[in-house]
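Below is one structure, written out as structure tokens; comments come after it.
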There are 2 protein chains.
Amino acid sequence: MARKKSPEDSSSSAVSTSGRLPMREFSRSLPMSLLRAREAVMRQFRPSLRNQGLTEQQWRILRALTAVEAIEVTELARMAFLLGPSLSRILRDLEARKLVERKAAEADQRRAVVSISAEGLKLIAAVAPTSEAIYAEITRRFGARRLSELQEMLSALEQDLAGMEGVDGDDG
Amino acid sequence: MARKKSPEDSSSSAVSTSGRLPMREFSRSLPMSLLRAREAVMRQFRPSLRNQGLTEQQWRILRALTAVEAIEVTELARMAFLLGPSLSRILRDLEARKLVERKAAEADQRRAVVSISAEGLKLIAAVAPTSEAIYAEITRRFGARRLSELQEMLSALEQDLAGMEGVDGDDG
DNA sequence: CGAAGATGTTTAACATGTTAAGTGTTTCCG
DNA sequence: CGGAAACACTTAACATGTTAAACATCTTCG
């Protein structure tokens, strides 16, 4: 919407007017495709989460905590797919909001054990219905079977790239 | 050594010890799958970009600029899939580094027109070979055909969700 | 013409991503 | 036993994501 401008309508962007490099298909690169798809999905959920004062990552953490009785920070980071520093900050805030509780592990004072609080559970319960409804609608639109196939491919991609670490060209 | 710990399933996690809520298996939600897949891909590219002092987003912008002679900021944001504020900041930096040039549009002083500089092109040329090699290796591992299929599905997902804006439950 | 509204871009404010360094604990091993 | 190394976080510093608001310019329409 609202895309009118000068008289000389250029319709669609990018016609590589200079043929400088053969790097075609930028908009169809795999990272861009994944980014756009994910954004299309998350766009559906964000408003609802925001209504409850939750960011996407905070939601991921609380969501992960509902699946366990208690869990160490590092393990939680793996589960919620967050880096340590991000998780550290978010836990500090969630703890201040009394949505999670933290205590030191008995056997190892380095480790912290986190669990969701009663309040946290209430918040989850408030968001879950809308969240599930959105997910159901997405599934309906895209098709359950197709969705499974997509997840399979994504998982396979992840696996195929798991051990690939050394293509680092010497362009430094 | 300390191989960078990539959050994969530790196989020990999460057995819903409390049966609190019937929520979908968290680690297999669509947003998480997309996030992990994208991260697996980007992990391959980041080191090379970093060697050239470029972030992923800066690279996206320069990459998009090589495809056009010049382009307005809003259109560039659409192409590189960045939000206005992010693009604004990045352009300020790239301009300071003389990798891009900016001028006001003649017909409309509100609009700014951006283009890549000669230096910017050199930088692109320095990164491109490694980047292409990595992409080729990813394609080889996953399979060209499979990769096309995946892109198709991602594109379709994006399309299917395009007009879905109003599932907003009243959980506020 | 001129004030109200629309539009393109930037700034602000807060939250997270990302890498490196710092702080306590614990483990290893001479 | 004790110091170096490993480990589990946490802080720090910079870059981007995200939303709202500010700015400047342009367009509408009375």
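Values in this document were obtained by computation on a predicted structure and should not be read as measured data. Chain letters run A, B, ... following the sequence lines, proteins first, then strands; residues in each count from 1.
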B/D108 side-chain proximity, nearest of D/dC9, D/dC26, D/dA6: D/dC26
Length of the line joining A/L49:CG and D/dT18:P, which is rounded to integer Å: 13 Å
Phosphate OP1/OP2 of C/dG17 contacted by B/Q57 side-chain N/O (<4.0 Å): no
Distance in angstrom units between A/L83 CG and C/dA15 P, rounded: 18 Å
Note: B/E39-B/R36 ion pair, threshold 4.0 Å (strictly below): no
Student check: side-chain heavy atoms of A/L30 and B/L150 closer than 4.5 Å: yes
Modelled atom types, side-chain donor and acceptor of B/S117 and B/E101, under 3.5 Å: no
Over 12 foreign heavy atoms within 6.0 Å of CD, B/E152: no
Carboxylate-amine/guanidinium contact B/E95 B/R92, below 4.0 Å: no
Touch class at under 4.0 angstrom, heavy-atom based, for B/E56 against every strand present: nothing
Side-chain-base donor-acceptor pair under 3.5 Å for B/R110 and C/dT7: yes
Under-4.0 Å side-chain N/O to phosphate OP1/OP2 contact, A/Q109 with D/dC7: no
Interatomic distance, B/K103 NZ vs C/dT9 P [rounded to whole Å]: 14 Å
Phosphate contact (D/dC9 OP1 or OP2) by A/R111 side-chain N/O below 4.0 Å: no
Rounded distance (Å) that lies between atom P of C/dC14 and atom CG of A/L94: 18 Å
Separation of atom CG in B/L82 from atom P in C/dT16, rounded to whole Å: 20 Å
Between P of D/dT16 and CH2 of B/W59, the distance in whole Å: 16 Å
Between C/dG17 (P) and B/R43 (CZ): distance, integer Å: 14 Å
Between protein and nucleotides 10-13 of chain C, what N or O pairs are separated by less than 3.5 Å?
{"residue": "C/dT10", "atom": "OP1", "partner": "B/R102", "partner atom": "NH1", "Å": "2.4"}
{"residue": "C/dT10", "atom": "OP2", "partner": "B/S88", "partner atom": "OG", "Å": "3.1"}
{"residue": "C/dT10", "atom": "O5'", "partner": "B/S88", "partner atom": "OG", "Å": "3.1"}

Whole-Å gap separating C1' (D/dC9) and CZ (A/R78): 14 Å
Nucleotide nearest A/T55 when distance is taken to its side chain, options C/dG17, D/dC26, C/dA15: C/dA15
Atom of B/R97, atom of B/Q52 and distance for their closest heavy-atom approach: NH2-O, 4.2 Å
Derivation and outcome, side chain to side chain contact (heavy atoms under 4.5 Å, CB included), residues B/V114 and B/E72: CA-CA 6 Å; B/V114 185; B/E72 289 175 10; over 6 Å; no
